[in-house]
Amino acid sequence: MTELARHVAEGLARNPKTLSSMYFYDDAGSRLFQQIMALPEYYPTRAEFAIFREHGAAIGAALGGTAGESFTLLELGAGDGAKTKLLLRELLAAKSEFTYAPVDISAGAMSGLVATLAQELPALRVVPVVETYADALDQLHTQPGRKAVLFLGSNIGNFHPADRLDFLRQLAAPLNEEDRLLIGFDLRKDPRRIRAAYDDAQGITAAFNLNLLTRLNRELGADFDLARWQHFTDYEPLTGAVRSFLVSTEAQNIHFEGLELTVPFAAWEVIHTENSYKFTRPQIEALAAEAGLRVVDFFTDGAGDFADVVLAAR
């Protein structure tokens, strides 16, 4: 049984039913997310771009990218690398001796990134890694030399709080004193702006969420009829959590040929597919301390919508 099959069998047996957002990112999902990042409602990408444009040199220096230094720059969830290219250019301009190791679960997204990097930054040393985060973290433990690890976007917000702490502790465990992390955190702001970013007027986010069902049809022989499902999202300002769901619009049974499994759904029953938490600076500092990390630098865009935080082992 594949990892996806095990996850689906376990997740759809829960109450409420749950599937992980990590499975959004097949090739089609990765393409849809590229479209989401260009939407007018989706502010996080623009905000993080602004941080890298304004503070790229300082971020590079904070990661240890000074002339003569040698290190590995490992990025978890590299995607198309658009923001990272700003940092890569700063590091190359500073004559840093480094190797870029982008990690992504999507082979399609990775091949596209490697091709564009070869064209745009021919001097860059690239060692692509098509793996899950878990496998990449296992490799990080055996990675020799100094390391700088990137986890950009608002991906850290997708973890449940307990899982988030565990993940940060996994990141912190193999770090030496001179190693660095750079993690993107979406900051709290107008709740209406946050909710709109996850329920855009064009329906691209809905298509992204529903694509998970298409993937299950293809890979596990499921028989989801997407016309019988809706995308729904809400935002809870007290906890800072955006929650996304797939909603069954009628009572139905879903068959998984590949699992020899039938899952009943009541009318308006949901599958919880994603969390996206938003943070304050005190929360970030407390989370870092609990994970055995300390804040080295805290970079924000001009509007204070987003933060890229440089962390080190305590």
Return yes if a side-chain donor-acceptor contact under 3.5 Å exists between Asn253 and Asp223, otherwise no. no

Salt bridge or not between Arg31 and Asp27? Use side-chain N to carboxylate O under 4.0 Å. no

Around atom CD of Glu3, are there more than 12 heavy atoms from other residues, nucleotides or ligands closer than 6.0 Å? no

Minimal non-hydrogen separation, Ala82 against Phe49, with atom names: CB-CZ, 3.5 Å

Does one side chain, of Ser30 or Gln34, offer a donor that lies under 3.5 Å from an acceptor on the other? no

How many angstroms lie between atom CD of Glu219 and atom OH of Tyr23, to the nearest 0.5 angstrom? 10.0 Å

Find the distance between CH2 (Trp229) and CG (Leu212) and round it off to the nearest 0.5 Å. 10.5 Å

Is it the case that the side chain of Thr72 and the backbone of Leu74 share a donor-acceptor pair, with hydrogens and angles ignored and the cut-off at 3.5 Å? no

CG of Leu181 to CG of Leu63: how many Å apart, nearest 0.5 Å? 9.5 Å

Co-membership, hydrophobic cluster, residues Phe298 and Phe279, 4.5 Å side-chain: yes

Derivation of the side chain to side chain contact (heavy atoms under 4.5 Å, CB included) call for Val149 and Arg180: CA-CA 6 Å; Val149 181; Arg180 295 291 183 266; over 6 Å; no

With rounding to the nearest 0.5 angstrom, report the CG to CG distance, Leu171 to Asp179. 11.5 Å

Would you call the rings of Phe167 and Tyr133 parallel, tilted or perpendicular, where under 30° means parallel and over 60° means perpendicular? tilted

Can you list, by chain and residue number, the hydrophobic cluster partners of Phe232 when the side-chain cut-off is 4.5 Å? Phe245, Val247, Trp268, Val270

Spell out, as yes or no, whether a donor-acceptor pair under 3.5 Å connects the side chain of Glu236 to the backbone of Leu238. yes

Flag yes if Leu165 and Phe151 sit in one hydrophobic cluster, no otherwise; membership is Ile, Leu, Val, Met, Phe, Trp, Tyr, and two members link when side-chain heavy atoms are under 4.5 Å apart. yes

Ignoring hydrogens and angles, state whether a donor on the side chain of Thr273 or Asn209 is under 3.5 Å from an acceptor on the partner side chain. yes

Minimal non-hydrogen separation, Ala172 against Leu293, with atom names: CB-CD2, 3.6 Å

Is there a chain of hydrophobic side chains (I, L, V, M, F, W, Y, each step under 4.5 Å between heavy atoms) that links Leu226 to Leu246? yes

Taking every heavy atom of Phe306 against every heavy atom of Gly184, the minimum-distance pair comes out as CE2-CA, 3.7 Å

Output the distance between atom CZ (Arg215) and atom CG (Leu220), rounded to the nearest 0.5 Å. 8.5 Å

Contacts of His55 meeting side-chain contact (heavy atoms from CB on, under 4.5 Å) (sequence neighbours excluded), chain-then-number -> Ile51, Ile59, Phe299

Say whether, by atom type as modelled, one donor and one acceptor occur between the side chain of His255 and the main chain of Glu257 under 3.5 angstrom. no

Backbone N/O of Thr214 and side chain of Asn211: donor-acceptor pair under 3.5 Å: no

Least distance between heavy atoms, Leu259 atom then Ala5 atom: CD2-CB, 3.3 Å

Give the intermediate values and the outcome of side chain to side chain contact (heavy atoms under 4.5 Å, CB included) for residues Gln252 and Ile254. CA-CA 7 Å; Gln252 56 183 308; Ile254 302 300; 3.5 Å; yes

Salt bridge (Lys or Arg N to Asp or Glu O under 4.0 Å) between Arg46 and Asp301: does it pass, once the steps are laid out? CA-CA 9 Å; Arg46 291 189 299 276; Asp301 61 296; over 6 Å; no

Testing the 3.5 Å rule here: is there a donor-acceptor pair between the side chains of Ser21 and Asn158? no

Using modelled atom types and a 3.5 Å cut-off, is there a donor and acceptor pairing between side-chain atoms of Asp200 and backbone atoms of Gly203? yes

Arg193 meets the side-chain contact (heavy atoms from CB on, under 4.5 Å) criterion, sequence neighbours left out, with Tyr43, Lys189, Asp190, Asp305

Any residue meeting side-chain contact (heavy atoms from CB on, under 4.5 Å) with Arg314, in chain and number order, not counting sequence neighbours: Ala289, Arg294

Taking the six-membered ring for Trp and the full ring for Phe, Tyr or His, determine whether the centres of Phe208 and Tyr25 are under 6.0 Å apart. yes

Would you check if the side chain of Asp297 reaches a backbone N or O of Val310 as a donor-acceptor pair within less than 3.5 Å? no

Does the distance from a Lys or Arg side-chain N to an Asp or Glu carboxylate O, for Glu75 and Lys83, drop under 4.0 Å? no

Check: Thr280 main-chain N/O paired with Gln283 side-chain donor or acceptor under 3.5 Å: yes

Stepwise, does the side chain to side chain contact (heavy atoms under 4.5 Å, CB included) test hold for Leu150 with Leu87? CA-CA 11 Å; Leu150 309 183; Leu87 177 61; 4.1 Å; yes

State whether the side chain of Arg164 and the backbone N or O of Phe159 hold a donor-acceptor pair below 3.5 Å, judged by distance alone. yes

So, for Thr233 and Arg195, which heavy atoms are closest and what is the spacing to 0.1 Å? O-NH2, 3.0 Å

Of all residues at least two apart in sequence or in a different chain, which pass the side-chain contact (heavy atoms from CB on, under 4.5 Å) check with Glu269? Lys17, Phe265, Ala266

Strictly distance-based, threshold 3.5 Å: is any side-chain N or O of Ser154 a donor or acceptor partner for the main-chain N or O of Gly157? no

Can you check whether Tyr100 reaches Leu91 side chain to side chain, under 4.5 Å on heavy atoms? no

Does a donor on one side chain and an acceptor on the other come within less than 3.5 Å for Tyr198 and Ser244? no

Ala288 versus Val295, closest heavy-atom pair with distance: CB-CG2, 4.4 Å

Going by side chain to side chain contact (heavy atoms under 4.5 Å, CB included), Pro128 matches just one of Val103, Asp104, Leu113, Val114. Which one? Val114

With sequence neighbours excluded, what pairs up with Glu120 under the salt bridge (charged side-chain N to carboxylate O under 4.0 Å, His left out) test? Lys85, Arg89

Test side chain to side chain contact (heavy atoms under 4.5 Å, CB included) on Ile284 and Leu187 and set out the steps. CA-CA 10 Å; Ile284 294 168; Leu187 301 178; 4.0 Å; yes

Does a side-chain heavy-atom distance below 4.5 Å link Asn155 with Leu76? no

Strictly by modelled atom types, are Thr18 and His272 linked by a side-chain donor-acceptor pair under 3.5 Å? no

Arg188 CZ to Tyr277 OH distance, which is reported to the nearest 0.5 Å: 10.0 Å

Indicate the ring-plane relationship of Phe71 and Phe98, choosing parallel, tilted or perpendicular according to the 30° and 60° boundaries. parallel

Are Arg6 and Glu10 ion-paired here, with the side-chain N under 4.0 Å from a carboxylate O? no

Regarding Glu178 and Arg146, does a basic nitrogen lie under 4.0 Å from an acidic carboxylate oxygen? no

